[in-house]
Amino acid sequence: GYGSDNKSDGSNSSAPATSTGATTAKLSADEVKIGYFPNLTHATALVGLKEGFFQQELGSTKIKPATFNAGPAEIEALNAGSIDIGWIGPSPAINGYTKSGGSNLKIISGSASGGVKLVVNPAKIKTLADVKGKKIATPQLGNTQDVALLNWIKTQGWKVDAQSGKGDVSVVRTDNKITPDAYKNGSIDGAWVPEPTASKLVAEGAKVLLDESSLWPNKQFVITNVIVSQKFLSAHPDVVEAVLRGSVKTDAWIKANSDKAKADANAQLEQLTQKALPAKVLDPAWASIQVTDDPLAATAKTEAEHAVSAGLLKAPKLDGIYDLTLLNKVLKAQGQPTVDAAGLGTQ
Amino acid sequence: MADTLTSAAAQHAESAAHAARLDHVSKAFGRPGAQQLVLDDITLDVRPGEFVCLLGASGCGKSTLLNLVAGLDKPSAGSITTPGGRPALMFQEHALFPWLTAGKNIELTLRMRGMPREQRRPEAERLLSLVRLGGAYGKRVHELSGGMRQRVALARALAQDSQLLLMDEPFAALDAITRDVLHDELTRIWSETDLSVLFVTHNVREAVRLAQRVVLLSSRPGRINREWSIDIPQPRRIEDAAVADLSVEITEELRGEIRRHGQH
Amino acid sequence: MADTLTSAAAQHAESAAHAARLDHVSKAFGRPGAQQLVLDDITLDVRPGEFVCLLGASGCGKSTLLNLVAGLDKPSAGSITTPGGRPALMFQEHALFPWLTAGKNIELTLRMRGMPREQRRPEAERLLSLVRLGGAYGKRVHELSGGMRQRVALARALAQDSQLLLMDEPFAALDAITRDVLHDELTRIWSETDLSVLFVTHNVREAVRLAQRVVLLSSRPGRINREWSIDIPQPRRIEDAAVADLSVEITEELRGEIRRHGQH
Amino acid sequence: MASTETSGAQDAAPLGKSPADAPAQEQPDRHDLSGLEAGLDALDAVVVKRTPVGQVLVKKVLPPISAIVLVLVVWQLAVWAKLADQTKLPSPSAVGQELVDRWNAGDLFSIIWTSVSHGLLGFAAALVIGTPLGLVVARVPFVRAAIGPILSGLQSLPSVAWVPAAVIWLGLNNSTMYAVILLGAVPSIANGLVAGIDQVPPLYLRAGRTIGATGLRGAWFILLPAALPGYVAGLKQGWAFSWRSLMAAELIASSPDLGVGLGRYLENMREGSDMAGVFLGILLILFVGIAIDLLIFSPLERWVLRSRGLTAGSQ
Amino acid sequence: MASTETSGAQDAAPLGKSPADAPAQEQPDRHDLSGLEAGLDALDAVVVKRTPVGQVLVKKVLPPISAIVLVLVVWQLAVWAKLADQTKLPSPSAVGQELVDRWNAGDLFSIIWTSVSHGLLGFAAALVIGTPLGLVVARVPFVRAAIGPILSGLQSLPSVAWVPAAVIWLGLNNSTMYAVILLGAVPSIANGLVAGIDQVPPLYLRAGRTIGATGLRGAWFILLPAALPGYVAGLKQGWAFSWRSLMAAELIASSPDLGVGLGRYLENMREGSDMAGVFLGILLILFVGIAIDLLIFSPLERWVLRSRGLTAGSQ
Ligand SMILES: Nc1ncnc2c1ncn2[C@@H]1O[C@H](COP(=O)(O)OP(=O)(O)OP(=O)(O)O)[C@@H](O)[C@H]1O
Ligand SMILES: Nc1ncnc2c1ncn2[C@@H]1O[C@H](COP(=O)(O)OP(=O)(O)OP(=O)(O)O)[C@@H](O)[C@H]1O
Ligand SMILES: [Mg+2]
Ligand SMILES: [Mg+2]
């Protein structure tokens, strides 16, 4: 309803608030390489780049964007120095951090929460109890959704072998791209998947049985956060801070201008992937994702514990994975509440 | 089309009269516009049971002619019939299959002829000892000498048991003695059966030793130059005076023919 | 080792004395335990400028011997030296490169010899017309008749301009007239230069027509059976009575040799 | 009764040596396509070597076109028969519409060109590396024993396996792309050359040695030309490998430096569950593959085979 | 001075015909590996055909082992020199530890076997389909013109492109896996056979026809054996394609029914950013590739070549 307002709102209200000082001073790096997915859960990056919020903060420092399809590739690119800052899910971030012995990256901000649902074939599954004995897809062994499903199964009192996926529920690990096809074909009875795959399944006739956020305190859990390479962080804290300013500003703008942001995100998707999402997928997906500056560190910690108890992760050493000092500095400067690292780093 | 069918039927009717008939056959190689005429208007009958030798200068088209009779190439003009079925052809290059041993090369031919499995091995060995290669059954082609390959190829051609045998310089790589022995064998087989033979050779004495009729081809294009009927009684020997005399005559004719072509 | 080196040096010193020297050469084929002895203790010198013909039954090891002299195989025992450098070898199968035309086959040899580019084409054409194939420069190997291939191979061997020419039945696929002409050419080239020739043939008359010395090999294993020095003066003709007489003698010897081998 | 006849027996004009009066050759087309057996023998018997333009069209252009038309018809029929719904099987017109959209968006050629240029450049590099490698592996026994099997092993290693390593070591740029292509194509080209060399009749090598073509000269003048038919077959497979590796490499990451290629486009369409787009992507990749084959490899193969008389019917 | 000598001239015992007293052949190893040129000629000159066990070990087993040891040493040196940190380059011992872990977990063999059994079965099916297809394409001109280029095009279509279609039509099960393998391997095998048949000297086909081996009998008794060297080369490439296609298929979908194979294992390790695991995965895939080559294709190739005298030195 308030689309026309949003336009003026976006460019007037948030821009002058923080950027005046930053844009004039030259930053320490000429270029910052940013990685993200062309995906709704990376709305901050999509919208921020489209609206120019990051560039405003970075001034003459150029943004060099790269897009990825999967977390591991982005971690590899970060390890290789091909990106400096990236939007990514918590599970690859944690994996990357532990496997490098805590030397490669830091999580410096949150970006999104929610947007994960258990959607099922209504003809076969009517209640949560019906899930027993059915085939449920997750995107990948050991990823956030896989861990969540396994944990949920455990809380139901059912048993599944985490590695093979065999048990009271058959856990089928299927690439998100294939999941709608597999559903259409009847190879799976449901899926525990992030947006927009969940909404695509709904568009195919599936029904949302459970929204994962209902399982979490405050109905919030981390789905996307922002990482930075430690080398870049120590060499160019000013650039990182500028990006964080842009991120905070974007998140605020998205919350304030949801419809405009949705259109921006979709336009950005179309530009990157030649295809926009149809409204029947876009609308429900967008609605279920909340942008947030808070990395929701406590939920990430819990997710990691779930992974450990499912036997998918050796007890990770997550100490120091978060470095929220810059984020909190930015938030303080804007008079917003600071965020917490749940004891896993500086804040 | 109707025309051809009728003439084919007519030829079929008189099938007893010839083992192979070449009727105004021409053959040209190369693409249209740059064709080279190799055989020009050849008309030749091989009667059933006849032994015909084909002589001619190198490159005059003898191998081409045999290929046409064997049905491996099509004439550019004219028609060829072999009423006795598929002729056996012994190629100028031995053309043995390198993935088979000498013996198996022969057995494959026997098999194609429809001979039952258990008879094949003894028959192959019989044929090999016929060409004086008793011990070569298990040898691979690349382990044989040039002359041995040629003899295996001869055995293979004989294995086909066709009514018409086409041979392209079958004894060129053999020493005089082995060749004499095989001349005898070939004459024996030919006289004991109703085999017809069309035999290409460069050795004029060999032609006179073996043939009932010698046909001399001219070069560029190949035309039938002259024919000799040979009535020297068998068994002949290559050293016979009569053979030598006729050979000299034919060689002279060949020389004259070649001289007419200048360079050739 | 020291021993061998000294003897090699010694042989080198007397290099003028022979074009090729085979010293107690043996050759066996097959894997250890199932070996077949093909050549046994062959000792043979080819003097510089000498023309030696090698005769023997089919499969007796003549081609094997030439391969050894050409350095393409190693003797199982004994040593071979060719002080005049790499001999030219004309194979029993033509061994022309099928991806090149007749002319280019010869030019490649000229190029390997180091002849400058602009001289190659005229030289190739000269050699082709020497073997009576003036018009075949641009023909592919598969477009040549059997005898034409053999002649191109001869031209290629001559193109190498080696001091020692090894020839394995070079004229087997040629008609009598063309062969006579090439006999003359070969004799002319040989007598005008200091070329040494080791020549394998099945045609005893051809051997007597060409050679200064005829060497007869026995079969299984190949040993030197007998040698003839031929002092019939050149120019000889293949029809000469003297040639014919000696041929008969040698053929008789060959026949006796083969008879001793029973089957062979 | 074995009989070989030609209908033009009586009325065929005599064949002259002069090109001017050479009449059109009468070749009754005895080609009976109905039976496989007949077809298997057909090439042996036919002697036609160059055919007039009309016939070239009939023989070369008609068959692939009819194959394509057939596929289109079956496809459209399947759509009309509602064998599957739109999301499973888009109609040809939907795919055509997608093509028109791309055309209008103006990025159709840039998508194709991005991939083709990367692919050809990578293939050329693979050629330059793979050829000497294959030569050495084929001819030096120690090297063959040492790295021959490893080469075959590398060939069966999927390109995606290299991607992490390539990204980590080389970063996100064209070098990663080319590294992945090379790792896919080099073993294939080298193996093709090794197979080709193995099939060279030893007689040619011996003939080469007697004329003094030894060592590198022997490799260049004898070995490579003699191995050419097998080598060209290896090149064809090598191209397939490099093209597929490229598609895999394009999926890893995209950035403005790399541009959008066909692999990326296909992936985007899959990501968007756009079946018409996926079909268009497949068809475009197929189209490029066919075009490369028809423009580069087929003529090369024909030339190699024809020049050594290996096309059946030429002897 | 060209000279061929053997040191054993005097002292070599005479070679008897009886196998019992046949002495060890004295073959001075003139093999000089230092120079490439020498190596390129080496195969021509050496006549050794069967060597005693000790030599087999030296010639066949030593080279690959030394190649592997060399790689390990360089790798370990790179790790010690801290050329890159653990995330980029795990140490050999870390990879070894991962292997031990897998072994202890007891699923090492099941992982390998899952992939190998799928791969071999798919390859066998591809063989059965690709061979007649290749035969028909090679010998029936119309079919060749119609689908020859399409076959080459298909070969260059990456396996992932097929996955969505295969999943939609066949579901998430083994048939999808096999479909993807077949689409990768069949064109490659068929093309290999076509290339092999194209290289068959027409003389053999003609000889086959004269002995009456025409039609299917001709295909079976003459065409296939004659084309065998090229066909085997095509099979090798076909195996590489099917194995790579399998890996691609495994990456995309797994279900409890399908089991965890090597491709899936590699992807899981990647997902976990576990570089040691990624390296182990690559090494295992490589190992399987090498093993298949050494156990199946190398002996096959050697047999084919040796039996027709194509191994240099046998003539
Ligand atoms: N496939 C071909 N393409 C072009 N020309 C060919 C082809 N085959 C043969 N010829 C030509 O046809 C002529 C006759 O060849 P053919 O092989 O029949 O001769 P020939 O009489 O058998 O000779 P030879 O006694 O030397 O074997 C030759 O001039 C040859 O160049
Ligand atoms: N590579 C090989 N492996 C095994 N045996 C071989 C090999 N090459 C030749 N032989 C054998 O060596 C013997 C001599 O062969 P060679 O080719 O030297 O004979 P030849 O005297 O040239 O005979 P021809 O006159 O028939 O050409 C034959 O018995 C042959 O079977
Ligand atoms: Mg001929
Ligand atoms: Mg010989």
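So that the names make sense, note that chain A is the first sequence line, chain B the second, and so on, each numbered from 1. Bear in mind the structure is a predicted one, so any value in this text is a computation, not a measurement. Both backbone and side-chain heavy atoms feed into the values below; hydrogens, waters and symmetry mates do not.
Under a 4.0 Å N-O distance rule, the pair D:D198/D:R144 qualifies as a salt bridge. Of the charged side-chain nitrogens involved, at least one lies within less than 4.0 Å of a carboxylate oxygen, so that C:D73 and D:R206 count as a salt-bridged pair.
The distance from the CG atom of C:D168 to the CG atom of C:L65 is 10.0 Å, given to the nearest 0.5 Å. For the atom pair CZ of C:R120 and CD of C:E123, the computed distance is 12.0 Å after rounding to the nearest 0.5 Å.
In this pair, D:F123 and D:F297 present their aromatic rings perpendicular. The plane angle is above 60°, beyond the 30 to 60° band.
In this structure, no portion of C:L166 lies under 4.5 Å from any heavy atom of chain D. With a 4.5 angstrom heavy-atom cutoff, D:I222 touches chain C via backbone and side-chain atoms both.
Between the side chains of D:Q237 and D:S188, no donor-acceptor pair of N or O atoms lies under 3.5 Å.
Applying a 4.5 Å heavy-atom cutoff, the residues of residues 110-117 of chain C that approach chain D are C:R111, C:M112.
The nearest pair of heavy atoms linking C:L55 to C:K62 is C-CD, 4.0 Å.
Note on C:T109, C:L100, C:L89: by heavy-atom pairs under 4.5 Å with chain D, the leading option is C:T109.
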